[in-house]
Amino acid sequence: MNLVIFGGTFDPIHNGHIRIAEAASKKLNARIVFVPTKTPRWKSPTESIDNRLDMLNLGLKNVSFDYEICGFEIKSNAEVNYSIDTVRYLKNKYKEDKLYFLI
């Protein structure tokens with residue numbers, strides 16, 4: 001299976017996020033793995049992580065592509081989360097899958 005890692009603050013998720021995810025899913029025949037950041041380094045979210053997760057779930061409620069929301073960074077105790085650690089986690093979790101990183 002192909003997996004597309006799509007990280008962000010999602011504060012809030014919007015139609016642009018959804019369109020990009022849908023296009024990547026179709027182009028690569030892939031599941032989209034949304035990775036909300038708990039504490040973004042270069043931004044100050046206006047909403048708490050709980051509210052951003054609620055918005056993410058609501059925003060994805062009726063999409064036509066396969067997705068999941070990864071809580072790796074949210075559950076992390078690290079002060080700063082690095083993308084490489086998230087990629088390593090997902091590569092270990094999905095050993096047989098091909099990973100793509102959406103920027």
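This structure is a prediction, so every number in the text was calculated from the model and none was measured.
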note = Residue set satisfying side chain to side chain donor-acceptor pair (under 3.5 Å) with N51, at least two apart, ordered chain then number -> E47
inquiry  = Among residues at least two apart in sequence or on other chains, which ones pass side chain to side chain donor-acceptor pair (under 3.5 Å) with Y94?
reply    = E68
message = Ignoring hydrogens, what is the shortest heavy-atom contact between S25 and A30? Give both atom names and the distance.
response = OG-O, 2.7 Å
remark   = Scanning both residues in full, the closest heavy-atom pair of E22 with S64 reads OE2-OG, 3.2 Å
Does one hydrophobic cluster hold both [X] and [Y], with members joined at side-chain heavy-atom distances below 4.5 Å?
| X | Y | value |
| --- | --- | --- |
| L3 | L60 | no |
| I5 | F72 | yes |
| I74 | V80 | no |
| Y89 | I69 | no |
| I20 | I18 | yes |

To the nearest 0.5 angstrom, please state how far the [atom1] atom of [X] sits from the [atom2] atom of [Y].
| X | Y | atom1 | atom2 | answer |
| --- | --- | --- | --- | --- |
| N2 | Y100 | CG | OH | 4.5 Å |
| M1 | D97 | CE | CG | 6.5 Å |
| F10 | F34 | CZ | CZ | 5.5 Å |

message = Counting neighbours of NZ on K43 that are heavy atoms of other residues, nucleotides or ligands and sit closer than 6.0 Å, is the number greater than 12?
response = no
ask   = Any sub-3.5 Å donor-acceptor pair from N57's side-chain atoms to L53's backbone N or O?
value = yes
ask   = For N92, does its backbone N or O pair with a side-chain atom of K95 as donor and acceptor, under 3.5 Å?
value = yes
Given side chains that start at C-beta, do those of [X] and [Y] come closer than 4.5 Å, heavy atoms only?
| X | Y | result |
| --- | --- | --- |
| S83 | F101 | yes |
| R52 | T9 | yes |
| L99 | K91 | yes |
| F6 | V35 | no |
| L56 | P36 | yes |
| V33 | L90 | yes |
| I32 | F65 | yes |

request  = Take T39 and E79 through the test side chain to side chain donor-acceptor pair (under 3.5 Å) and record every step on the way to the result.
outcome  = CA-CA 8 Å; T39 312; E79 187 173 318; over 6 Å; no
ask   = Side-chain donor-acceptor pair under 3.5 Å between N29 and K26, yes or no?
value = no
message = Applying side-chain contact (heavy atoms from CB on, under 4.5 Å), can you list everything that pairs with N81, at least two apart in sequence or on another chain?
response = E73, S76, A78
